[in-house]
*Asks:* 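Take a look at the following structure, please.
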Protein chains: 2
Amino acid sequence: MYQYKYARPALTTDCVVFGLDQDDLKVLLIQRDIQPFEGKWALPGGFIQVGESIDDCARRELEEETGLHDIFLEQLYSYGQPDRDPREHVITVAYYALVNLIEHAPKAATDARNAAWFSLDDLPSLAFDHQTILETARQRLRGKVRYQPVGFELLPEKFTLTQLQKLYEIILEQKIDKRNFRKKVIKLGILIETDEVEQDVAHRAARLYQFDPAHYQQLEKQGINFEL
Amino acid sequence: MYQYKYARPALTTDCVVFGLDQDDLKVLLIQRDIQPFEGKWALPGGFIQVGESIDDCARRELEEETGLHDIFLEQLYSYGQPDRDPREHVITVAYYALVNLIEHAPKAATDARNAAWFSLDDLPSLAFDHQTILETARQRLRGKVRYQPVGFELLPEKFTLTQLQKLYEIILEQKIDKRNFRKKVIKLGILIETDEVEQDVAHRAARLYQFDPAHYQQLEKQGINFEL
DNA sequence: TCAAAAGTGTTCATCTTACACCCATGG
DNA sequence: CCATGGGTGTAAGATGAACACTTTTGA
């Protein structure tokens with residue numbers, strides 16, 4: 001037992017993990033195995049330990065509950081409405097993560113907890129205020145994409161320009177002109193054209209591209225302007 | 001005394017209050033009257049109470065320590081490095097606020113605590129990791145100004161276009177062309193030209209403008225694109 | 001040979017940038 | 001009458017938006 005002079009709220013982290021699955025943006029949820037909201041789907045997360053930084057907590061909980069590690073993770077917002085947890089006052093620091101779902105999907109599924117990817121258009125009802133958190137994360141992603149490159153975290157190592165365009169269309173929720181999109185991303189100078197093409201497609205195979213990590217990181221810092 | 005099964009970090013809010021004083025962006029600090037860092041300058045803030053939302057805590061502490069209330073306040077970031085407070089693990093949710101310093105300056109100064117405005121170029125050494133928090137707030141403000149109008153919170157009710165331009169120059173830390181700036185802000189459609197002019201200036205008096213609150217709030221939501 | 005997606009340029013309108021002089025006022 | 005900042009327009013270049021057809025490939 002730990003004693004304090006004044007009452008303290010509990011502190012958790014929760015994480016919204018976005019993954020790209022073909023043409024579909026998905027989010028990773030776990031099914032709760034304890035009260036409250038037992039059996040409901042929720043964002044992965046858990047209590048902060050004393051002596052642990054918030055980032056470390058988010059990463060630890062994510063790995064414990066979903067097996068994901070070494071991924072892009074960024075703080076989103078902190079939520080502290082006293083009634084957001086029916087047990088007591090719990091404050092949560094929310095994060096969001098971006099992963100390449102093809103590489104990370106199996107791990108999540110084989111973990112002890114019941115974890116699964118859900119399409120954003122087909123979400124179950126969520127525990128606590130996790131629906132609100134998810135909505136904020138989605139907005140944040142939509143905002144981020146306008147001033148920073150994001151493809152690196154969500155796409156496989158080699159990808160086609162059409163895949164990259166689909167990613168932007170999904171995040172921004174709007175159609176983009178193919179020619180204008182290509183002109184724009186190529187002018188950013190972060191793409192390296194490989195001499196490989198798609199395999200096993202029933203039509204003309206598209207050329208594969210990679211990101212140039214140095215240029216990519218530079219643009220992450222200095223910012224881009226990617227309007228529609 | 002309050003008892004918990006597991007150890008809990010303490011939880012605080014801290015607030016970076018920016019105020020515009022003529023041609024100078026300032027920040028409101030308080031001088032600590034208790035250990036640790038007694039006598040050092042710090043951001044206003046304090047412990048979250050159980051049952052109180054984070055926003056409410058930030059507003060309450062701000063009013064208690066500086067007298068400021070009913071101001072623009074937005075969550076910035078949460079800091080939780082275990083060693084950021086020498087006493088124990090304290091997690092803080094940082095906010096930033098924008099105020100019109102001319103209207104708010106006296107209140108802050110007359111409060112019981114020793115509170116004062118400091119120019120950003122002439123800061124004292126700060127307690128805890130408050131220097132880091134302040135730096136992040138400054139960056140955030142610089143980012144915010146590019147996609148949302150900000151003048152309303154920082155300027156007096158009626159202001160000249162030159163004042164507005166100075167504000168942008170201070171936040172963005174760069175010179176802006178007068179004619180291009182005027183074209184740009186006028187095209188935004190959030191300014192109302194009054195039929196008043198500056199008083200008591202030793203040169204031609206500038207016309208005073210106001211913000212159109214409805215258009216302003218609309219642009220806050222839909223976003224603007226204010227590059228340099 | 002058909003279906004499906006890849007790949008590719010031009011035009012027009014808009015926006016951005018650079019730039020300099022006269023005006024009104026108070027001291 | 002002078003010092004100080006207020007106020008104003010244009011031209012050239014860059015950028016953004018709209019738009020359609022040919023090519024490649026596998027089935």
Side-chain angles (χ1 to χ4, degrees), chain A residues 22-24 145-147 149 151 155-156 158-170 172-210 219 222-228, chain B residues 20 22-24 145-147 149 151 155-156 158-170 172 174-210 219 222-228:
Chain A
Q22 309 286 56
D23 301 352
D24 210 24
V145 92
R146 289 174 189 278
Y147 65 89
L155 290 172
K158 294 175 183 177
F159 52 88
T160 68
L161 291 183
T162 301
Q163 282 181 287
L164 185 59
Q165 180 175 342
K166 282 263 169 59
L167 169 59
Y168 273 80
E169 288 180 339
I170 290 166
L172 294 174
E173 296 180 293
Q174 63 184 302
K175 273 282 172 204
I176 302 174
D177 178 85
K178 183 164 54 160
R179 279 171 291 191
N180 292 339
F181 179 80
R182 285 169 185 234
K183 264 183 287 183
K184 193 152 200 168
V185 296
I186 286 164
K187 188 143 55 85
L188 286 178
I190 56 177
L191 294 182
I192 299 172
E193 189 175 321
T194 72
D195 46 10
E196 296 168 64
V197 293
E198 278 180 300
Q199 300 299 318
D200 304 316
V201 286
H203 54 80
R204 175 172 176 183
R207 160 150 281 125
L208 295 176
Y209 289 80
Q210 292 183 286
L219 284 194
Q222 84 182 43
I224 60 175
N225 193 344
F226 200 97
E227 291 299 319
L228 135 109
Chain B
L20 191 70
Q22 308 287 52
D23 301 352
D24 211 23
V145 90
R146 290 174 187 279
Y147 65 90
L155 290 172
K158 295 175 183 177
F159 53 88
T160 68
L161 292 183
T162 300
Q163 283 181 285
L164 185 59
Q165 180 175 343
K166 281 264 169 60
L167 169 59
Y168 274 79
E169 289 180 337
I170 291 166
L172 294 174
Q174 64 183 303
K175 274 282 174 205
I176 302 174
D177 178 86
K178 183 163 56 162
R179 279 171 292 191
N180 293 340
F181 178 81
R182 286 170 184 231
K183 263 183 286 182
K184 191 151 201 168
V185 296
I186 285 163
K187 189 142 54 87
L188 286 178
I190 55 177
L191 293 182
I192 299 172
E193 188 174 320
T194 73
D195 46 11
E196 296 168 63
V197 293
E198 279 180 299
Q199 300 299 319
D200 305 317
V201 285
H203 53 79
R204 176 171 174 184
R207 160 149 283 126
L208 295 176
Y209 289 79
Q210 292 183 285
L219 283 194
Q222 83 182 46
I224 61 176
N225 192 344
F226 200 97
E227 292 299 319
L228 135 108

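Chain letters run A, B, ... following the sequence lines, proteins first and then strands; every chain starts at 1.
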*Asks:* Between B:Leu161 and A:Lys184, which is nearer to the 5' end of DNA chain D once each is assigned its nearest nucleotide?
*Replies:*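 The residue mapped nearer the 5' terminus is B:Leu161.
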*Asks:* Taking CG from A:Leu191 and P from C:dG7, how many angstroms apart are they, rounded to a whole number?
*Replies:*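 Taking CG of A:Leu191 and P of C:dG7, I get 12 Å after rounding.
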*Asks:* Is the shortest heavy-atom distance from the side chain of B:Gln174 to the side chain of B:Glu169 under 4.5 Å?
*Replies:*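 Contact flag for B:Gln174/B:Glu169 side chains = no.
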*Asks:* I need the CD-C1' distance between B:Glu193 and D:dG6, as an integer number of Å.
*Replies:*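 Checked: the CD to C1' distance equals 13 Å.
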*Asks:* Could you tell me the separation between the CZ atom of B:Phe159 and the C1' atom of D:dG6, rounded to a whole number of Å?
*Replies:*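 Value for this atom pair: 16 Å.
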*Asks:* Of the listed nucleotides (C:dA5, C:dT16, D:dA20), which one gets closest to any side-chain atom of A:Arg179?
*Replies:*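 Nearest listed nucleotide: D:dA20.
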*Asks:* Could you give the CG-to-C1' distance, from A:Asp177 to C:dC12, as a whole number of Å?
*Replies:*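 Distance, rounded to whole Å: 15 Å.
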*Asks:* What I want to check is whether an N or O donor and acceptor connect the side chain of A:Arg204 with the base of C:dA3 at under 3.5 Å.
*Replies:*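 Answer is no: no donor-acceptor pair is held.
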*Asks:* For A:Asp200, answer base if it contacts any base atom (sugar-phosphate contacts may also be present), sugar-phosphate if it contacts only those atoms, and nothing otherwise; contact means non-hydrogen atoms under 4.0 Å.
*Replies:*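 A:Asp200: no heavy atom of the nucleic acid under 4.0 Å.
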*Asks:* For A:Glu198 and D:dT24, give me the distance from atom CD to atom P, rounded to whole Å.
*Replies:*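 After rounding, the reported distance stands at 16 Å.
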*Asks:* Applying a 4.0 Å non-hydrogen cut-off, can you work out what B:Arg182 is touching in the nucleic acid: base, sugar-phosphate, or nothing?
*Replies:*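 Counting heavy atoms under 4.0 Å across all strands, the contact made by B:Arg182 includes a base.
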*Asks:* Looking at A:Thr194, is its backbone amide N or carbonyl O close enough to the side chain of A:Arg207 to form a donor-acceptor pair, meaning the two atoms are under 3.5 Å apart?
*Replies:*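 Yes; judged by distance alone, with no hydrogens or angles, the pair exists.
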*Asks:* Expressed in angstrom and rounded to an integer, what is the separation of B:Lys175 atom NZ from C:dC19 atom P?
*Replies:*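 Nearest whole value for this atom pair: 16 Å.
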*Asks:* Compute the ring centroids of A:Phe181 and A:Tyr168, then answer whether they are less than 6.0 Å apart.
*Replies:*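 Ring-ring flag for A:Phe181/A:Tyr168: true, centres closer than 6.0 Å.
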*Asks:* With a 3.5 Å cut-off and heavy atoms only, can you find an N or O donor on one side and an acceptor on the other between the side chain of B:Lys183 and the base of D:dT8?
*Replies:*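 Absent.
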*Asks:* Of the nucleotides D:dG6, D:dT25, C:dG7, which has the atom closest to the A:Arg207 side chain?
*Replies:*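 Taking heavy atoms from C-beta onward, the closest nucleotide is C:dG7.
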*Asks:* Between C1' on D:dA18 and CD1 on A:Ile176, what's the gap in Å once rounded to a whole number?
*Replies:*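 The answer, rounded to whole Å, is 15 Å.
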*Asks:* Hey, is the main chain of B:Val197 close enough, under 3.5 Å, to the side chain of B:Gln199 for a donor-acceptor pair?
*Replies:*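 A pair under 3.5 Å: yes.
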*Asks:* From the options C:dG9, D:dG16, C:dA4, select the nucleotide whose nearest atom is closest to the side chain of A:Lys187.
*Replies:*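 So the side chain of A:Lys187 is nearest to D:dG16.
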*Asks:* Among D:dG7, C:dC19, C:dA6, which nucleotide has an atom closest to any side-chain atom of A:His203?
*Replies:*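 Of D:dG7, C:dC19, C:dA6, C:dA6 is nearest to the side chain of A:His203.
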*Asks:* Can you tell me whether the side chain of B:Lys178 and the base of D:dG7 have a donor-acceptor pair closer than 3.5 Å?
*Replies:*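 Looking at the base of D:dG7, it does pair with a donor or acceptor on the side chain of B:Lys178 (distance under 3.5 Å).
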*Asks:* Select from A:Asn180 and A:Ala202 the residue whose nearest nucleotide in DNA chain C is closer to the 5' end of that strand.
*Replies:*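 Closest to the 5' end, via its nearest nucleotide, is A:Ala202.
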*Asks:* Rounding to a whole Å, what distance do you find between A:Ile186:CD1 and D:dT15:C1'?
*Replies:*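 Interatomic distance, CD1 of A:Ile186 to C1' of D:dT15: 17 Å.
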*Asks:* Mark yes or no: A:Lys184 above the aromatic ring of A:Phe226, with NZ or CZ under 6.0 Å from the six-membered ring centre and no more than 45 degrees from the axis.
*Replies:*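 That pair qualifies as a cation-pi contact.
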*Asks:* C:dA5 phosphate, OP1 or OP2: any side-chain N/O from A:Thr162 under 4.0 angstrom?
*Replies:*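 Answer is no, no contact under 4.0 Å.
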